[in-house]
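Order of listing sets the numbers, starting from 1, for every ligand and every atom in it. In this text the structure is predicted, and so the values were computed from the model without any measurement.
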Amino acid sequence: MSAGAGGSGAVAVEVSGVSKWFGDTVALSDVSFALRPGVTGLLGHNGAGKSTVLSLLAGWARPSQGRVRVLGADPHGDLAVHRRLGVVPDGEGTWGYLTARQNVALLARQRGVRDPRAAAGAALERVGLSHAADRRVGGFSKGMRQRVKLAQALAHEPEVLLLDEPLNGLDPVQRRADVDLVRSLGAEGRTVLVSSHVLGEVERMADEVLVVVNGRLVAEGEPAGIRDLMTDRPRTVRLAGREVAALAGSLLAEGLVTSVRHDAAARPEAEGEAVVVETPAALALAARLPVVAAERGATLRRVEPVGDDLESVFAHLTAAARGVGR
Ligand SMILES: Nc1ncnc2c1ncn2[C@@H]1O[C@H](COP(=O)(O)OP(=O)(O)OP(=O)(O)O)[C@@H](O)[C@H]1O
């Protein structure tokens, strides 16, 4: 399976036929893609293989099969490429007994930056941490430590950036700032790969999205297209309120739902009666529901998707991807 991602410009990262296994666990299976300058999102549920992709690109591990190239070099064997590559790992990556500036300068020095202190200062300013630059990282919040990791990845002005779930642990204000930062890094012509399990996050940051399910690349394209793929699919919806069984009967008659069952776990005293319906057309159902409810004299207290987590989205995507011959 192969995919191209990123904007125009030369290919900066190439992954060809890569598989990676740990004992009996297949973490990645025959994955191929190319990244060009701009932001590419790597979307997948927990355990899908995102961190494995990033660790192969970072040179921390090598593929069991296939080939990885970053700026034309093998990141596992070629030290020079690491001066052009920045990585924000998923886990902890800071030294608590050092200040933010020392943390960043230390890595900048290792990467051959001429004035590591100045570079650290500039990187910390870019991530909005100038005010805390000379405080020990041990006393920082998770969000602040996350920013130190970002500054560490940026201080040597890398052409390629790998960011593993960089918004984890951030509050909404910090998230917005970091979304803007990631976008600006892409706009500067850097090649940025950013992983997430949240489609909404990826949509805001990336020009292109790669979707990985159970170690396989199952879809790639612009965020809007990926969103369509996820929206236009069968859904299970739970309706609760007064007269919802009658309402569901009408929806069934109209063909807006294909099955109806009572929800045994309903809490009648809190929400009235409840049913679970299957719909092949969630958007049409959403539009028609209030109209039919009014016609039937039903009162809806709750309308909520069931099992509408990333697992089910990805299960559907996998099936859809198989359907188009991927
Ligand atoms: N060092 C390892 N040893 C054994 N199994 C591993 C190792 N690293 C990853 N795996 C397995 O490979 C699969 C992919 O893991 P990976 O960490 O890449 O997923 P992920 O998409 O990054 O998930 P998360 O969002 O939870 O970090 C999982 O089944 C995981 O348990």
Query raised in the report: Which residue supplies the protein heavy atom nearest to atom 2 (C) of ligand 1, what is that atom called, and how far is it?
Result: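 Ranking protein heavy atoms by distance from atom 2 (C) of ligand 1, first comes F22 CD2, 3.4 Å.
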**Report entry** Atoms of ligand 1, numbered as shown, that sit under 4.0 Å from any heavy atom of E165
**Finding:**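 It comes down to these atoms of ligand 1: 25 (O).
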Query raised in the report: Which residue and non-hydrogen atom of the protein lie closest to atom 19 (O) of ligand 1, and at what distance in Å?
Result: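 Protein heavy atom with the smallest distance to atom 19 (O) of ligand 1: G49 N, 3.1 Å.
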Query - Heavy-atom protein neighbour under 4.0 angstrom from atom 16 (P) of ligand 1 - result: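 Neighbour list for atom 16 (P) of ligand 1 includes protein heavy atoms (cut-off 4.0 Å).
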Query - Atom CD of E125 with >12 non-hydrogen neighbours under 6.0 angstrom - result: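 No, the 6.0 Å shell around CD holds no more than 12 heavy atoms from other groups.
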**Report entry** Distance from atom 27 (O) of ligand 1 to nearest protein heavy atom, with residue and atom
**Finding:**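 Closest protein heavy atom to atom 27 (O) of ligand 1: S51 OG, 3.5 Å.
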Report task. Can you pull out the closest protein heavy atom to atom 24 (P) of ligand 1? Residue, atom name and distance to 0.1 Å, please. Result ->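 Minimum-distance protein heavy atom for atom 24 (P) of ligand 1 reads G47 N, 3.6 Å.
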Query raised in the report: Looking only at protein heavy atoms, which one is nearest to atom 30 (C) of ligand 1, and how far off is it?
Result: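 Here the nearest protein heavy atom works out to T25 CG2, 4.7 Å.
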Query raised in the report: Would L129 and V182 show up in the same hydrophobic cluster when neighbours are defined by side-chain heavy atoms closer than 4.5 Å?
Result: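 L129 and V182: one cluster.
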Query raised in the report: Any link between V13 and V68 through a network of hydrophobic side chains (Ile, Leu, Val, Met, Phe, Trp, Tyr) touching at under 4.5 Å?
Result: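 Yes: a chain of side-chain contacts under 4.5 Å links V13 to V68.
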**Report entry** Proximal atoms of ligand 1 relative to H45 (non-hydrogen, under 4.0 Å)
**Finding:**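 Atoms satisfying the 4.0 Å criterion: 21 (O).
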Query raised in the report: Take atom CD in E254; do more than 12 heavy atoms of anything else shown fall under 6.0 Å from it?
Result: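 Counting other residues, nucleotides and ligands, CD of E254 exceeds 12 neighbours.
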Report task. Before signing off on this row, confirm whether K50 and ligand 1 have an N or O atom pair separated by under 3.5 Å. Result ->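 It does: an N or O of K50 is found under 3.5 Å from an N or O of ligand 1.
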Query raised in the report: Counting only heavy atoms on the protein side, is anything nearer than 4.0 Å to atom 9 (C) of ligand 1?
Result: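 It does; a protein heavy atom is within 4.0 Å.
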Query - Basic-acidic side-chain contact under 4.0 Å: E271, R301 - result: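 Not counted as a salt bridge, because no side-chain N and carboxylate O are separated by less than 4.0 Å.
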Query raised in the report: Which protein non-hydrogen atom lies closest to atom 18 (O) of ligand 1, naming both residue and atom, and how far is it?
Result: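 Of every protein heavy atom, T52 OG1, 2.5 Å lies nearest to atom 18 (O) of ligand 1.
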Requested in this report: For a side-chain hydrogen bond (donor to acceptor under 3.5 Å, both in side chains) with E92, tell me which candidate from K142, R145, Q146 qualifies.
Outcome: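 The single option meeting the side-chain hydrogen bond (donor to acceptor under 3.5 Å, both in side chains) with E92 is R145.
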Query raised in the report: Looking only at side chains, do S16 and R69 share a donor and an acceptor under 3.5 Å apart?
Result: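 No pair is found: no donor N or O on one side chain lies under 3.5 Å from an acceptor on the other.
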Query raised in the report: Going by atom types only, do S196 and E201 share a side-chain donor-acceptor pair under 3.5 Å?
Result: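 Side chains of S196 and E201: pair found under 3.5 Å.
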**Report entry** Closest protein heavy atom (residue, atom, distance) for atom 12 (O) of ligand 1
**Finding:**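 Among all protein heavy atoms, the one nearest atom 12 (O) of ligand 1 is A27 CB, 3.2 Å.
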